[in-house]
K.L.:
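Can you keep this structure in mind? I'll have questions shortly.
Whatever order the structure lists them in is the order used to number ligands and atoms, beginning at 1. All of these numbers come straight from a predicted model, not from anything done at the bench.
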Amino acid sequence: MTQKLLPAISIACFAVLGWFAVGHAVMFEVKDGNSTCIKAQLSANFSITYPVTNGTNTVTVPLPSSAKVGSGSSCGGAGVSPELLAVFGEGHSLGLVFSHNQLLYQVANLSLSYNLSDSAIFPRSSSKDVITMVTNTSEISAQLNTTYRCLSATIVHLEAVNITFFDVRMEAYMSSANLSTDETVCSADQPTTTVAPTISPRTTPSPSPVPPGNPEPGNYSIIGTNGTVCLLARMGLQLNVTYYSKSQNKTVQSIMNLEPNNTSASGSCDSTAATLLLTEGLTNLSFTFTLNTTTSKYYLSALNLSAAWPDLTVSLIISNSTLDYLQGTLGHSYMCSTEQIIFVSNNFSLNTFKVWVQPFGVKDNQYGSADVCSMDQESVLIPIIVGAALAGLVVIVLIAYLIGRRRSHAGYQTI
Ligand SMILES: *[C@@H]1O[C@H](CO)[C@@H](O)[C@H](O)[C@H]1NC(C)=O
Ligand SMILES: *[C@@H]1O[C@H](CO)[C@@H](O)[C@H](O)[C@H]1NC(C)=O
Ligand SMILES: *[C@@H]1O[C@H](CO)[C@@H](O)[C@H](O)[C@H]1NC(C)=O
Ligand SMILES: *[C@@H]1O[C@H](CO)[C@@H](O)[C@H](O)[C@H]1NC(C)=O
Ligand SMILES: *[C@@H]1O[C@H](CO)[C@@H](O)[C@H](O)[C@H]1NC(C)=O
Ligand SMILES: *[C@@H]1O[C@H](CO)[C@@H](O)[C@H](O)[C@H]1NC(C)=O
Ligand SMILES: *[C@@H]1O[C@H](CO)[C@@H](O)[C@H](O)[C@H]1NC(C)=O
Ligand SMILES: *[C@@H]1O[C@H](CO)[C@@H](O)[C@H](O)[C@H]1NC(C)=O
Ligand SMILES: *[C@@H]1O[C@H](CO)[C@@H](O)[C@H](O)[C@H]1NC(C)=O
Ligand SMILES: *[C@@H]1O[C@H](CO)[C@@H](O)[C@H](O)[C@H]1NC(C)=O
Ligand SMILES: *[C@@H]1O[C@H](CO)[C@@H](O)[C@H](O)[C@H]1NC(C)=O
Ligand SMILES: *[C@@H]1O[C@H](CO)[C@@H](O)[C@H](O)[C@H]1NC(C)=O
């Protein structure tokens, strides 16, 4: 009896729940003719807040196994970015638009469209609209020709939606029909045991020697499409990276200077974004500067580090595209002699020394007048204040002395 009922119940459940029915990760493949350009195995939970008559309601729904590659998907081409559009249920879709540079590909735009008139998922919704939310800060990026792997849950926040991705393996700009066996493992999947704290460096063989001194400043420039220099930079750079060391079987913290002699620069400039990619051996560091045309201010908006050092268990890719450092005004350069620490992620920060940079509006291969950082202004101000205080003291002593002399003079005269 029960043996007969059980399948019937589960069939009923599947019928009622519709796209709630989830198995494991859903596989998607985007093709152009016979060649595959995007392959993705994804699991995702969407947490969506929507309006109801007496306030708001939040539901959590998974990406159903019935999701399909939608017709908006494409391998891209002249000026069009490749896109995977996964469609499911009554007019819902998840869109991943990819972009790449010489080194990395990434999810440039992540979007979710959901149809509030689907009352099975959005009960009592007071709206019947199709809502679309987009973010360009998904942090999903990987080295070209490798598979992005992230089995751990990672959350992407959109306005009224949180998307939890897990069990993800995907690749875009594929060079064969199969996912590459080389993987770029997301930081959440890296073995992040706590940093081994108090083992004396002398008793353990360390692949990195004693911490280096301050880095040498290097000069870098980028030539734009019209043949003139569009970005100038002079700076000393030091990486502060925490990673799992193969040779030491533990998490280590490593301080490395970029040697200007061994570092090559490449990149590109356009009207509102400029990229400087520095390569030293198996280390690639890219800076993205963004120009805000309303305020005419530029700033360092993103940093990407990718490394394939022999001591790593998996190649390292760390990026943060929501930075706001090295701010200057269009037409000016930015200058900062004081050391700065640019926090990129829990396992990577970049220490900068003697920075002089101009990512936009370079004229005749020369730096414009400098916007000096506030730390430098303070360090100039302190000697001025001390000097002024000393000068004041001298004046006071002098006045006191003169008054004293007058008094004693006056004293003699009365006698
Ligand atoms: C695609 O594959 C089919 C059969 O497998 C073949 O006939 C066709 O020529 C291929 N097209 C291209 C563009 O390679
Ligand atoms: C996704 O949602 C399902 C069902 O709501 C839940 O069992 C699972 O733990 C969720 N996974 C993550 C990574 O949040
Ligand atoms: C809104 O109405 C629903 C059903 O009538 C009820 O379950 C829910 O508690 C109400 N929420 C609020 C915030 O009043
Ligand atoms: C991402 O979306 C923004 C705004 O929707 C758009 O301006 C930008 O071109 C998109 N980027 C890509 C690579 O499609
Ligand atoms: C990726 O692979 C393709 C084909 O094998 C090759 O042409 C390309 O240079 C590779 N790109 C990188 C960044 O390794
Ligand atoms: C998304 O996550 C944030 C922080 O964890 C939380 O405050 C917010 O309520 C969540 N929103 C939804 C729609 O789940
Ligand atoms: C080259 O392009 C830059 C902007 O990228 C512009 O400011 C500059 O005037 C151009 N130079 C020439 C010679 O056209
Ligand atoms: C490296 O970063 C850690 C924190 O992640 C910090 O405690 C340490 O002082 C930094 N070292 C240098 C030399 O910047
Ligand atoms: C690290 O671990 C591996 C296997 O787990 C072992 O063979 C190796 O000797 C260990 N190395 C060190 C330095 O402890
Ligand atoms: C870099 O090269 C210059 C000249 O080519 C040399 O004087 C300098 O010592 C080199 N620095 C390092 C750290 O190798
Ligand atoms: C430019 O700056 C203004 C003021 O800080 C800000 O409101 C605006 O969103 C910025 N624009 C872009 C494209 O970041
Ligand atoms: C990216 O950088 C910003 C500003 O330094 C920081 O608040 C944020 O936590 C960073 N994101 C990650 C994922 O570490």
K.L.:
Is it true that the side chains of Ser81 and Ser99 contain a donor and an acceptor less than 3.5 Å apart?
P.N.:
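Side chains of Ser81 and Ser99: no pair found under 3.5 Å.
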K.L.:
Any N or O on Asn351 sitting closer than 3.5 Å to an N or O of ligand 8?
P.N.:
yes
K.L.:
When you measure from the side chain of Ser73 to the backbone of Val69, do you find a donor-acceptor pair of N or O atoms at a distance under 3.5 Å?
P.N.:
no
K.L.:
How does Gln253 reach ligand 8, by side chain, by backbone, by both or by neither, if only non-hydrogen atoms under 4.0 Å count?
P.N.:
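Under 4.0 Å from ligand 8, Gln253 contributes side-chain atoms alone.
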K.L.:
Scan side-chain atoms only and decide if Asn284 and Thr279 contain a donor-acceptor pair under the 3.5 Å cut-off.
P.N.:
yes
K.L.:
Looking only at distances, please establish whether an N/O atom of ligand 6 is found under 3.5 Å from an N/O atom of Ser47.
P.N.:
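For ligand 6, there is an N or O atom that lies under 3.5 Å from one belonging to Ser47.
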K.L.:
Could any protein non-hydrogen atom be found less than 4.0 Å from atom 14 (O) of ligand 2?
P.N.:
yes
K.L.:
For His332 and Asp371, which I'm curious about, is there any donor-acceptor pair between the side chains at under 3.5 Å?
P.N.:
yes
K.L.:
Go through ligand 2 atom by atom and flag the ones less than 4.0 Å from a non-hydrogen atom of Phe166.
P.N.:
11 (N), 12 (C), 13 (C)
K.L.:
Between Arg149 and Glu183, is there a salt bridge with N-O shorter than 4.0 Å?
P.N.:
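Arg149 and Glu183: salt-bridged.
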K.L.:
For atom 2 (O) of ligand 8, state which one of Asn347, Asn240, Leu239, Val241 supplies the nearest heavy atom.
P.N.:
Asn240
K.L.:
Is atom 7 (O) of ligand 8 in close reach of the protein, with a heavy atom under 4.0 Å away?
P.N.:
no
K.L.:
My understanding is that only one of Asn214, Asn351, Thr352 makes a side-chain hydrogen bond (donor to acceptor under 3.5 Å, both in side chains) with Gln238; could you say which?
P.N.:
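Of all the options given, the one that passes is Asn351.
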K.L.:
Strictly inside 4.0 angstrom of atom 4 (C) of ligand 2, do you find any protein heavy atom?
P.N.:
no
K.L.:
Roughly how far, to the nearest 0.5 Å, is the OG1 atom of Thr147 from the CD atom of Gln41?
P.N.:
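So the CD of Gln41 and the OG1 of Thr147 are separated by 10.0 Å.
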K.L.:
Is it true that Ser247 and Asp311 share a donor-acceptor pair across their side chains at a distance under 3.5 Å?
P.N.:
yes
K.L.:
Does an N or O anywhere in Asn45 fall below 3.5 Å from an N or O of ligand 2?
P.N.:
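For ligand 2, there is an N or O atom that lies under 3.5 Å from one belonging to Asn45.
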K.L.:
Using a 4.0 Å heavy-atom cut-off, say whether Ile341 meets ligand 8 through its side chain, its backbone, both or neither.
P.N.:
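Within the 4.0 Å criterion, Ile341 makes no contact with ligand 8.
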K.L.:
Can you check whether a protein heavy atom sits less than 4.0 angstrom from atom 11 (N) of ligand 6?
P.N.:
yes
K.L.:
Check each atom of ligand 8 against the heavy atoms of Ile255 and keep those under 4.0 Å away; list them by number with element.
P.N.:
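Under 4.0 Å from Ile255, ligand 8 has these atoms: 11 (N), 12 (C), 13 (C).
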K.L.:
Examine Asn162 against ligand 6 and note whether any of their N/O atoms are separated by less than 3.5 Å.
P.N.:
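Such a contact does occur with ligand 6.
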K.L.:
Just checking, is any N or O donor in the side chain of Ser176 or Asn178 under 3.5 Å from an acceptor N or O on the other one?
P.N.:
no
